[in-house]
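A short worksheet on the structure shown next.
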Amino acid sequence: MTNPILVTGGTGRLGRALVPQLLSAGHAVRVLSRKPPSDEQTCRGDLLTGEGLEEAVDGVGVIVHCATGNGRADIDGTRNLIQAAVRAGRPHLMYVSIVGVGRVDMPYYRAKLACEQFVERSGLPWTIQRTTQFHELIVWMCTSQRWLPAIVMPSGVSFQPIDASEVAARLAVLAGAPPAGRVPDLGGPEVRPAADLARAYARSRSNHRSVMSVPMPGAGIRGYREGRHLTPEHADGRITFDQFLTA
């Protein structure tokens with residue numbers, strides 16, 4: 001491939017794992033950043049204002065849209081990126097989404113679904129990859145409660161966390177292939193109760209705090225209890241949560 005690949009969110013968790021894999025595969029890479037360029041791979045642009053996007057997408061063959069914000073920011077940023085890409089030509093637009101966005105009633109999931117729909121209707125060649133939550137989300141759920149006497153997790157809820165490096169590997173393959181539309185979901189190797197994951201985290205940190213499973217209300221949690229965010233039939237990841245914690 002002679003045209004470069006543009007990675008949005010290239011300095012985030014997934015982007016940092018993806019860029020080296022693209023480079024190793026022989027691709028030229030641009031990384032979109034709101035900060036001034038720190039190297040020749042970085043180009044300055046702002047998804048929310050649209051500033052710099054025309055230059056960022058100019059001449060690219062593939063855009064891997066890894067950037068994510070919070071609700072409305074995702075929608076506005078994706079719309080601005082698509083508009084710039086359409087004006088630039090017909091690059092292959094890849095969007096990273098979440099398993100269950102159409103089945104879990106949460107604001108963030110609704111925003112991701114809206115972004116998927118923008119991509120599908122963009123007129124650009126496109127690929128959408130949905131994944132389960134990263135291992136780091138479980139860690140964040142535990143560490144954000146470090147001042148509490150116990151780690152509280154939602155009862156009846158399981159997660160299927162996956163390693164960001166494995167998602168990056170899948171994206172690197174897709175970036176070198178023709179547009180594929182909605183590709184099969186990508187999930188972690190294990191479906192485990194939230195409380196069990198929290199206990200594994202506590203053990204890995206030699207933390208003797210107890211873990212409490214607490215019923216939580218809301219439509220989003222109900223979707224989680226019903227497993228709508230899981231994809232056990234696509235448990236393609238290999239790095240377990242325990243292995244992630246050890247590493």
Side-chain angles (χ1 to χ4, degrees), residues 13-14 65-66 68-75 78 95-121 127-145 148 150-164 166-167 170-171 180-203 209-245:
R13 182 180 304 117
L14 179 57
H65 187 22
C66 298
T68 186
N70 199 349
R72 190 74 213 176
D74 274 350
I75 294 173
T78 300
Y95 184 63
V96 185
S97 191
I98 308 171
V99 171
V101 290
R103 304 191 302 267
V104 176
D105 187 12
M106 297 175 64
Y108 183 55
Y109 279 50
R110 290 196 294 270
K112 297 294 280 188
L113 181 61
C115 291
E116 286 190 8
Q117 293 168 345
F118 282 146
V119 171
E120 292 169 0
R121 299 168 184 166
T127 300
I128 292 174
Q129 176 69 72
R130 292 179 176 178
T131 79
T132 53
Q133 288 80 14
F134 293 157
H135 292 308
E136 286 87 349
L137 174 67
I138 309 302
V139 172
W140 175 83
M141 292 173 69
C142 297
T143 57
S144 63
Q145 303 180 58
L148 298 179
I151 301 175
V152 177
M153 299 298 267
S155 62
V157 172
S158 294
F159 290 101
Q160 188 182 355
I162 189 168
D163 198 82
E166 295 182 308
V167 176
R170 171 73 64 87
L171 294 175
R182 266 284 311 278
V183 296
D185 292 343
L186 178 58
E190 301 175 310
V191 176
R192 293 174 63 180
D196 186 37
L197 292 166
R199 292 187 188 97
Y201 167 81
R203 286 194 301 270
R209 291 164 66 206
S210 61
V211 175
M212 297 176 58
S213 293
V214 176
M216 296 184 182
I221 291 295
R222 182 170 63 249
Y224 274 12
R225 284 197 300 269
E226 294 172 356
R228 298 178 187 177
H229 62 305
L230 305 175
T231 181
E233 67 276 19
H234 294 293
D236 299 321
R238 292 292 176 266
I239 300 172
T240 67
F241 186 60
D242 291 303
Q243 290 170 333
F244 167 79
L245 291 172

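For clarity, every value in this text was computed on a predicted model and none was experimentally measured. Throughout, numbering of the chain's residues begins at 1 and tracks the sequence.
Between atom SG of residue Cys142 and atom CG of residue Leu148 there is a gap of 11.5 Å, rounded to the nearest 0.5 Å. Between Ile128 atom CD1 and Asp185 atom CG the span is 11.0 Å, to the nearest 0.5 Å. Taking CG of Asp196 as the reference point, atom OG of Ser158 lies at 8.5 Å (rounded to 0.5 Å).
Remark: Arg238 does not engage Glu166 in a salt bridge, criterion side-chain N to carboxylate O under 4.0 Å.
The shortest side-chain heavy-atom distance between Gln243 and Asp163 does not fall under the 4.5 Å cut-off. You'll find the side chain of Met141 stays beyond 4.5 Å of the side chain of Tyr201, heavy atoms only. Annotation: side chain of Pro232 is in contact with side chain of Gln160 (closest heavy-atom distance under 4.5 Å). In this structure the side chain of Ile138 never reaches within 4.5 angstrom of the side chain of Phe244, judged on heavy atoms. For the pair Met153 and Val214, the minimum side-chain heavy-atom distance is 4.5 Å or more. By the 4.5 Å heavy-atom criterion applied to side chains, Asp105 and Arg110 are counted as neighbours. Between Leu230 and Val99 there is no side-chain heavy-atom pair separated by less than 4.5 Å.
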(message) Using side chain to side chain contact (heavy atoms under 4.5 Å, CB included), reason through Ile98 and Thr131 one step at a time and then give a plain yes or no.
(response) CA-CA 5 Å; Ile98 308 171; Thr131 79; 6.0 Å; no
(request) Apply side chain to side chain contact (heavy atoms under 4.5 Å, CB included) to Gln129 and Arg170, showing your working. (result) CA-CA 9 Å; Gln129 176 69 72; Arg170 171 73 64 87; 3.2 Å; yes
(message) Please determine whether salt bridge (charged side-chain N to carboxylate O under 4.0 Å, His left out) holds for the pair Arg192 and Asp242, giving the CA-CA distance in whole Å, both sets of side-chain angles, and the decisive distance to 0.1 Å.
(response) CA-CA 11 Å; Arg192 293 174 63 180; Asp242 291 303; 2.9 Å; yes
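Here the shortest heavy-atom pairing between Ile162 and Leu186 reads CD1-CG, 3.5 Å. Heavy-atom minimum distance, Gly237 versus Pro189: O-CB, 3.1 Å. The two residues Thr132 and His229 have their closest heavy-atom pair at CG2-O, 3.8 Å. Residues Glu190 and Thr240 share a closest heavy-atom pair of OE1-CB, 3.5 Å. Shown here for Ala195 and Ser213, the closest heavy-atom pair between the two residues is CB-OG, 3.3 Å. Between Ala202 and Arg209 the shortest heavy-atom distance is CB-O, 4.5 Å.
In this structure, Phe241 and His135 have tilted ring planes: the angle between them lies in the 30° to 60° band.
Judged as a side-chain hydrogen bond (donor to acceptor under 3.5 Å, both in side chains), the pairs with a partner in residues 214-228 (not counting sequence neighbours) are, in order, Tyr109-Tyr224, Glu226-Arg228.
Residues Tyr108 and Thr68 bring a donor and an acceptor atom of their side chains to less than 3.5 Å of each other.
Residues that satisfy the side chain to side chain contact (heavy atoms under 4.5 Å, CB included) test with Cys115, not counting sequence neighbours, are Asp74, Ile75, Thr78, Tyr95.
With hydrogens and angles ignored, the 3.5 Å screen pairs no side-chain donor or acceptor of Lys112 with any backbone N or O of Pro107.
Each of Arg121, Arg130, Arg182 was checked for a side chain to side chain donor-acceptor pair (under 3.5 Å) with Glu116, and the lone residue meeting it is Arg130.
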